[in-house]
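We count residues from 1, following the sequence as given. Hydrogens, waters and symmetry mates play no part in the numbers below; they use all other heavy atoms, side chains included. Just so we're clear, the structure is a prediction, and the values are computed from it rather than from any experiment.
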Amino acid sequence: MKVDPCSQSSLMHPDQAIIKLLEQVRPLHDSEVVQLPEALGRVLAEDLASSIDLPPFDNSSMDGYAFRFQDLANNAQLTLIGESFAGHPFSGEVQPNTCVRIMTGAPVPRGYDTVQMQEKVIANGDAIQIEPPKSIGANVRLRAEEVKRGSKVLQAGTLVGAAEMGVLATIGASQVRVTRPVKVAFFSTGDELRPVGTELGLGQIYDSNRYSIQGLLSRANVEWIDLGVIEDDKESIRAAFLTAASQADMVITSGGVSVGDADFTKQVLDEEGEITFWKLAMKPGKPFAFGHLGKAVFCGLPGNPVSSMVTFYKLVWPLINKMQGLIPSQPLQVQAKLMSDIRKSPGRVEYQRGILTQNAQGQAEVTITGGQGSGMLTSMSLANCFVILQQQQGDLPAGSIVTVEPFPAVLN
């Protein structure tokens, strides 16, 4: 359903907007099997169970000596009968009142049940005096205490990071099934935009938004398609939209969606897609467009650089995550002491850019980066968090407690 932006009498809260947006996208069902080294940054398409116990055998958690706990009952001296190293376990027969030298990760010989660290042992040749540990089983990692064979270790929708790579290797998974990367096509429009590395003419600016979007998409682990800058010509814009929609799962543009814009972007979108133009109660980022172009999802970001990045993070990134099949999660928010005054007019949720630090007492403090204009992209570069100010909030003095949302990886 197409809606004339001029007919919208009120602004939509960004929390309400994201709920509506998420209702209109579905996870991709395509998947592929990749080798383990290629799985980094991909999303698991199926649950994974372990084919082995973890650990696969009782082993020592430190360098020391393995023995029977009951043999220390009378503070008995034990006899050293061998060694157990990682990859080279003790192969002899365990007898009462004996022990073996053991290294971290090495198998605990069958018959022994406890390990004491070497710093609490006195060795005189084969005569070993051990300070009794607090309980039987000390410093022994038992077979299957972490994961039992056949139990689930990772679930579908998990983003494979460094830790997950290690887990997959630990259970011997040489290849895994992952979702197909979301394909995102993007381009800029405007005769005033010039590529970097060229001279600017009167009234011209460099096309920065496309590079910010490219960086955001790269952080979001998608397959992106950069269609460049499209001239302000209706048929050129139409061709760009049709090309993008035919190649991608999502199409992103920046600019041309503000109320009152009289360019060709809106005309083409109305003719070729099912697009809704929204006015959001967020700052920066009031104008936003969403809909479909053929089978592709369309997101039209505001043209101001900071507005473009903020709306991507708050509205587009959750859509990409859902399309990838990622397990939903809420961003971390913390409370921090405001170190300078903030000016704000009630009416919109504001995402001011801040620098979050910790003082000597371990308390969180946040300082605004300076000018907060939606065209001041340096405010994003200097910041490491958003200071979130609610819709009806007004000015705040230094010393106030505010909600802070540290930047995720996609913004760093």
Side-chain angles (χ1 to χ4, degrees), residues 18 21-50 152-169 171-187 210-228 240-254 272-275 290-301 311-329 331 408-411:
I18 190 56
L21 290 171
L22 289 171
E23 289 174 347
Q24 298 183 62
V25 299
R26 296 289 180 269
L28 299 178
H29 295 296
D30 301 340
S31 64
E32 60 181 344
V33 175
V34 299
Q35 297 300 309
L36 180 57
E38 301 169 356
L40 185 66
R42 304 292 294 273
V43 179
L44 294 179
E46 59 185 6
D47 294 343
L48 285 179
S50 178
K152 183 168 64 176
V153 289
L154 293 171
Q155 67 182 102
T158 298
L159 180 66
V160 179
E164 289 73 23
M165 291 282 283
V167 170
L168 291 167
I171 65 174
S174 61
Q175 56 186 24
V176 292
R177 181 169 292 280
V178 295
T179 60
R180 172 178 67 77
V182 175
K183 296 180 181 179
V184 182
F186 62 100
F187 60 88
R210 193 160 51 89
Y211 289 93
S212 294
I213 291 172
Q214 177 184 316
L216 290 165
L217 292 173
S218 297
R219 286 293 204 175
N221 296 310
V222 305
E223 182 180 319
W224 51 263
I225 305 166
D226 182 2
L227 297 180
F241 274 124
L242 294 178
T243 298
S246 68
Q247 297 180 0
D249 305 298
M250 175 182 283
V251 178
I252 296 177
T253 63
S254 62
E272 300 294 341
E274 297 179 2
I275 310 297
F290 176 81
H292 294 84
L293 288 167
K295 295 182 179 180
V297 172
F298 172 76
C299 292
L301 310 181
T311 51
F312 181 99
Y313 167 58
K314 296 303 295 184
L315 302 175
V316 179
W317 194 31
L319 299 183
I320 292 174
N321 286 345
K322 183 172 181 179
M323 294 173 71
Q324 289 177 322
L326 274 171
I327 299 170
S329 63
V410 74
L411 289 177

Any Thr253 side-chain heavy atom under 4.5 Å of Phe241 side chain: yes

So do the side chains of Gln324 and Asn321 get within less than 4.5 Å of each other, counting heavy atoms only? yes

Which heavy atom of Val222 sits nearest a heavy atom of Val182, and at what distance? CB-O, 3.2 Å

Side chain to side chain contact (heavy atoms under 4.5 Å, CB included) between Leu217 and Ile252, intermediate numbers included: CA-CA 10 Å; Leu217 292 173; Ile252 296 177; 4.2 Å; yes

Could you tell me whether the side chain of Phe312 reaches within less than 4.5 Å of the side chain of Ser254, counting heavy atoms only? no

Do you know which two heavy atoms are closest between Ala49 and Ile171, and how far apart they sit? O-CD1, 4.1 Å

Flag the pair Val25 / Phe290 as yes when at least one side-chain heavy-atom distance between them is below 4.5 Å, and no otherwise. yes

Do the side chain of Ser246 and the main chain of Thr243 share a donor and acceptor less than 3.5 angstrom apart? yes

Taking atom CD of Glu164 and atom OG1 of Thr158, what is their separation to the nearest 0.5 Å? 6.5 Å

Taking side chain as C-beta onward, heavy atoms only, is Leu159 less than 4.5 Å from Asn221? yes

Arg180 CZ to Met323 CE distance, which is reported to the nearest 0.5 Å: 8.0 Å

Is there side-chain contact between Cys299 and Leu319, with at least one heavy-atom pair below 4.5 Å? yes

When rounded to the nearest 0.5 angstrom, what is the spacing between CD in Gln155 and CG in Leu48? 10.5 Å

Residue pair Pro318 / Tyr313: nearest heavy atoms and the distance that separates them: CD-O, 3.5 Å

Rounded at 0.5 Å granularity, tell me how far CZ in Phe298 sits from NE2 in His292. 12.0 Å

Validation row: Lys322, Arg26 side chains within 4.5 angstrom (heavy atoms): yes

Compare every heavy atom of Ile225 with every heavy atom of Gln247, then report the nearest pair and how far apart it is. OE1-CG2, 3.6 Å

Show the nearest heavy-atom pair for residues Lys183 and Ala248, with the distance to one decimal. O-CB, 3.4 Å

I would like to know whether Val251 and Phe186 meet side chain to side chain contact (heavy atoms under 4.5 Å, CB included); could you show each step before the answer? CA-CA 6 Å; Val251 178; Phe186 62 100; over 6 Å; no

Where do Gly325 and Pro27 come nearest, in terms of heavy atoms and distance? CA-CB, 4.3 Å

Can you give the donor-acceptor pairs under 3.5 Å from side chains of residues 34-45 to other protein atoms, not counting sequence neighbours?
{"unit_1": "Gln35", "atom_1": "NE2", "unit_2": "Gln175", "atom_2": "OE1", "d": "2.9"}
{"unit_1": "Arg42", "atom_1": "NH1", "unit_2": "Glu32", "atom_2": "OE2", "d": "3.4"}
{"unit_1": "Arg42", "atom_1": "NH2", "unit_2": "Glu32", "atom_2": "OE2", "d": "2.5"}
{"unit_1": "Arg42", "atom_1": "NH2", "unit_2": "Thr179", "atom_2": "O", "d": "3.0"}

CZ on Arg210 to CG on Leu227, rounded to 0.5 Å: 9.5 Å

Does a side-chain heavy-atom distance below 4.5 Å link Ile213 with Leu301? yes

What pairs with Glu23 under side chain to side chain donor-acceptor pair (under 3.5 Å), at least two apart in sequence or on another chain? none

